[in-house]
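All figures in this text were calculated on a predicted structure; none of them were measured in a lab. First listed ligand is number 1; within each ligand, the first listed atom is number 1.
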Amino acid sequence: MSRISCIFCKIINKELPAELLYEDDLVAAFRDIKPIAPVHVLVVPKEHVESVADLKKEHEILVGRLIMAAKKIAEQLGISRGGYKLLLRVGDDGGQEVPHIHLHLLGGAKLSENIRPI
Ligand code: 5GP
Ligand code: ZN
């Protein structure tokens, strides 16, 4: 999928609505439209990179920023002490549906571990 038709690029460019929680020069974060936890936020790079498998050496700072942004948002939303999960799905087997990297920040309740082959 090109950046032109990408829904997350459209959200970043404010062409599609979303509940934006955080933005800096490299990343943006908004609430997931179909939350699977009391807190479910997606942290995305502003640059259209389809998946972790497409990351290059030059993206190292960006990848660090994704995690640091998630940490800040968790603090802002009051889930930092209770804990949370950070999830990156990669490609088909990883269950990735939107081909623009997104770090899921999941929390607000104790969450199950349910990773096994289908
Ligand atoms: P994936 O399965 O690719 O890791 O996660 C994609 C996530 O994007 C899903 O949790 C889905 O609910 C969310 N999502 C898909 N379309 C939209 C949208 O238009 N807006 C928002 N805020 N989230 C979306
Ligand atoms: Zn995109």
Next item on the list: Among all protein heavy atoms, pick the one closest to atom 22 (N) of ligand 1 and tell me residue, atom and distance.
Entry: R31 O, 2.9 Å

Checklist line | Distance-minimising heavy-atom pair for L42 and F8 | finding: CD1-CZ, 3.6 Å

Item checked: the Zn ion (ligand 2) to H48: nearest N/O/S atom name -> ND1

Margin query: Return the closest protein heavy atom for atom 23 (N) of ligand 1 as residue, atom name and distance.
Written below: I33 N, 3.2 Å

Item checked: E97-ligand 1 polar pair, N/O distance under 3.5 Å -> yes

Notebook entry, point to check: Is H104 touching ligand 1 with its side chain, its backbone, both, or neither, if touching means heavy atoms under 4.0 Å apart?
Noted result: side chain

Notebook entry, point to check: How close do L111 and A37 get, heavy atom to heavy atom, and via which atoms?
Noted result: CD2-CB, 3.9 Å

Item checked: Atom of L55, atom of I101 and distance for their closest heavy-atom approach -> CD2-CD1, 3.7 Å

Side chains of residues 63-77: which donor-acceptor pairs under 3.5 Å do they make with residues two or more places apart or in other chains?
| unit_1 | atom_1 | unit_2 | atom_2 | d |
| --- | --- | --- | --- | --- |
| R65 | NH1 | D24 | OD1 | 3.3 |
| R65 | NH1 | D24 | OD2 | 3.1 |
| R65 | NH1 | D25 | OD1 | 2.7 |
| K71 | NZ | E75 | OE2 | 3.0 |
| K72 | NZ | Y22 | OH | 3.4 |

Next item on the list: Could you pull out all residues at least two apart from R89 that satisfy salt bridge (Lys or Arg N to Asp or Glu O under 4.0 Å)?
Entry: none

Next item on the list: Run the numbers for me: atoms of ligand 1, each under 4.0 Å from some heavy atom of K34, listed by number.
Entry: 12 (O)

Margin query: I need the nearest protein heavy-atom contact for atom 9 (C) of ligand 1: residue, atom name and distance, please.
Written below: D32 OD2, 3.3 Å

Notebook entry, point to check: Run the ring pair (Phe, Tyr, Trp, His ring centres under 6.0 Å) check on H102 and H104 step by step: do they pass?
Noted result: CA-CA 6 Å; H102 45 287; H104 295 258; 5.1 Å; yes

Next item on the list: Have a look at ligand 1 and work out which part of I11, if any, has a heavy atom under 4.0 Å from it: side chain, backbone, both or neither.
Entry: side chain

Item checked: ligand 1 versus I7: contacting region, heavy-atom distance under 4.0 Å -> side chain

Margin query: Tell me whether A18 has any N or O atom under 3.5 angstrom from an N or O of ligand 1.
Written below: no

Notebook entry, point to check: Which one holds for L42 and ligand 1: side chain close, backbone close, both close, or neither close, with close meaning a heavy atom under 4.0 Å?
Noted result: side chain

Checklist line | For Q96, atoms of ligand 1 separated by under 4.0 Å from a heavy atom | finding: 3 (O)

Notebook entry, point to check: Would the number of heavy atoms belonging to other residues, nucleotides or ligands and lying under 6.0 Å from CD1 of I115 be above 12?
Noted result: no

Note to self: So if I count the atoms of ligand 1 from 1 in the order they appear, which ones are less than 4.0 Å from some heavy atom of V98?
What the structure shows: 3 (O), 6 (C)

Next item on the list: Using a strict cut-off of 4.0 Å, indicate which atoms of ligand 1 neighbour a heavy atom of G95.
Entry: 2 (O)

Item checked: Heavy-atom closest contact (A29 atom, V41 atom, distance) -> CB-CG1, 4.0 Å

Next item on the list: Return the minimal non-hydrogen interatomic distance between H100 and I12, and the atom names on each side.
Entry: CE1-CD1, 3.7 Å

Next item on the list: Check I79, L21, L87 against L105 for a side-chain contact (heavy atoms from CB on, under 4.5 Å) and give me the one that passes.
Entry: I79

Notebook entry, point to check: Minimum heavy-atom separation for S51 to Q96, with atom names?
Noted result: CB-OE1, 3.4 Å

Margin query: Among all protein heavy atoms in this structure, tell me which lies nearest to atom 1 (P) of ligand 1, with the distance rounded to 0.1 Å.
Written below: H102 NE2, 3.0 Å

Next item on the list: Starting from the Zn ion (ligand 2), look over the N/O/S atoms of H100 and name the nearest one.
Entry: ND1

Notebook entry, point to check: Can you list the ligand 1 atoms lying under 4.0 Å from a non-hydrogen atom of F30?
Noted result: 22 (N)

